[in-house]
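Each remark here refers to the structure printed beneath this line.
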Amino acid sequence: MRVSELARAGGVTAETVRYYTREGLLPSRRDSHNGYQLYDDEVLGRLRLIDCLRCLGLSLKEIKRILEREEQGCGSLLDLDPRLVEKLPLLHSRIRELQALASWVEQAGRPPSPHCYGAEAPCLKQLMAELARQHGRSIEHAPQ
């Protein structure tokens with residue numbers, strides 16, 4: 001897989017793939033015929049993991065340490081970085097927020113039902129209120 005193909009499949013930019021490669025986060029090899037950077041199919045999963053860990057607030061340095069320790073066979077992801085357990089409430093909050101967003105997009109994309117007179121697509125203010133409610137819920141349940 002070339003840089004652009006990996007980027008498209010992974011939902012990131014080609015520059016992000018190149019940067020992660022330079023930083024040693026994504027293994028690659030060079031095509032001897034044209035010099036293109038090539039990636040094995042397994043690298044897509046690694047790229048998605050990096051993206052997920054970045055969403056949880058881990059730095060690339062921390063992620064690189066996790067990946068290096070995993071390559072050495074040093075146990076599970078939680079063994080590699082126990083702080084991930086501390087991020088569990090944030091992870092659950094993000095999931096709820098994304099579910100609320102997906103539900104809003106689905107509702108907004110549906111044509112109005114002829115049986116619901118005066119029904120409108122949900123407004124953006126409703127979504128923002130739901131996201132605020134979800135976020136407040138995660139703050140209430142966060143460890144002190």
Side-chain angles (χ1 to χ4, degrees), residues 1-29 31 34 36-144:
M1 201 176 336
R2 289 199 258 171
V3 170
S4 60
E5 295 167 328
L6 178 60
R8 190 172 24 257
V12 299
T13 66
E15 187 51 41
T16 297
V17 170
R18 289 185 193 98
Y19 180 73
Y20 288 173
T21 302
R22 282 192 306 272
E23 294 297 312
L25 295 165
L26 297 176
S28 68
R29 57 186 162 72
D31 186 319
N34 56 25
Y36 287 155
Q37 202 89 11
L38 298 177
Y39 300 88
D40 294 330
D41 291 339
E42 298 83 37
V43 176
L44 177 58
R46 189 177 179 111
L47 176 60
R48 293 308 312 138
L49 175 63
I50 293 167
D51 198 40
C52 288
L53 293 175
R54 292 281 294 147
C55 286
L56 288 177
L58 271 68
S59 70
L60 290 179
K61 184 178 179 180
E62 293 169 315
I63 294 169
K64 185 174 184 178
R65 191 171 345 125
I66 288 170
L67 294 172
E68 287 172 345
R69 290 186 64 200
E70 188 277 330
E71 288 170 355
Q72 298 166 359
C74 293
S76 76
L77 188 57
L78 295 179
D79 292 335
L80 299 175
D81 194 338
R83 291 178 319 118
L84 290 176
V85 173
E86 297 169 10
K87 301 215 180 258
L88 200 53
L90 172 64
L91 180 59
H92 286 297
S93 173
R94 294 287 301 173
I95 290 169
R96 286 191 304 272
E97 289 174 343
L98 290 171
Q99 287 172 332
L101 179 60
S103 176
W104 183 84
V105 170
E106 286 172 353
Q107 290 176 5
R110 282 190 205 125
S113 170
H115 303 292
C116 298
Y117 300 107
E120 298 178 14
C123 72
L124 196 56
K125 285 185 180 185
Q126 290 171 322
L127 173 62
M128 290 187 287
E130 176 63 18
L131 293 174
R133 189 181 70 73
Q134 292 291 348
H135 187 72
R137 186 171 150 196
S138 68
I139 290 173
E140 294 169 4
H141 293 86
Q144 300 296 325

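FYI, the numbering just counts along the sequence from 1.
A heavy-atom distance below 4.5 Å is not found between the side chains of V43 and M1. Residues K87 and L58 are in side-chain contact: their nearest non-hydrogen atoms beyond the backbone lie under 4.5 Å apart.
Shown here for L56 and L90, the closest heavy-atom pair between the two residues is O-CD2, 3.9 Å. The nearest pair of heavy atoms linking P27 to Y39 is O-CD2, 3.3 Å. Nearest heavy atom pair, residue K64 against residue E23, reads NZ-O, 2.9 Å.
Once rounded to the nearest 0.5 Å, the distance linking CZ of R29 with CG of L38 reads 5.0 Å. Rounding to the nearest 0.5 Å gives a distance of 8.0 Å between CD of Q72 and CZ of R69. For the atom pair L47 CG and C52 SG, the distance stands at 9.5 Å (nearest 0.5 Å). The distance from the CG atom of L53 to the CZ atom of R48 is 10.5 Å, given to the nearest 0.5 Å. Atoms CG and CZ, from L44 and R8 in turn, are 12.0 Å apart once rounded to the nearest 0.5 Å. Within the model, atoms CZ of R96 and CG of L91 stand 10.0 Å from one another, a figure rounded to the nearest 0.5 Å.
Taking T16 as the reference, V12, T13, Y20 meet the side-chain contact (heavy atoms from CB on, under 4.5 Å) condition, with sequence neighbours excluded. Judged as a side-chain contact (heavy atoms from CB on, under 4.5 Å), and not counting sequence neighbours, the contacts of A14 are V3, A7, R18. R46 is linked by a side-chain hydrogen bond (donor to acceptor under 3.5 Å, both in side chains) to E71, counting only residues two or more places apart in sequence or in another chain. Scored by the side-chain hydrogen bond (donor to acceptor under 3.5 Å, both in side chains) test, E106 finds no partners at all (sequence neighbours excluded).
Residue pairs that meet the side-chain hydrogen bond (donor to acceptor under 3.5 Å, both in side chains) test with at least one member in residues 52-63, sequence neighbours left out, are S59-E62, E62-R83. Under the salt bridge (charged side-chain N to carboxylate O under 4.0 Å, His left out) criterion, the residue pairs touching residues 123-132 are E130-R133, with sequence neighbours excluded.
Put simply, the side chain of T21 gets close to the backbone of V17: a donor and an acceptor are under 3.5 Å apart. Distance alone, capped at 3.5 Å, is enough to place a donor-acceptor pair between the N34 side chain and the Y36 backbone.
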(request) Go through the steps to decide whether I50 and L60 satisfy the test side-chain contact (heavy atoms from CB on, under 4.5 Å), and finish with yes or no. (result) CA-CA 8 Å; I50 293 167; L60 290 179; 4.2 Å; yes
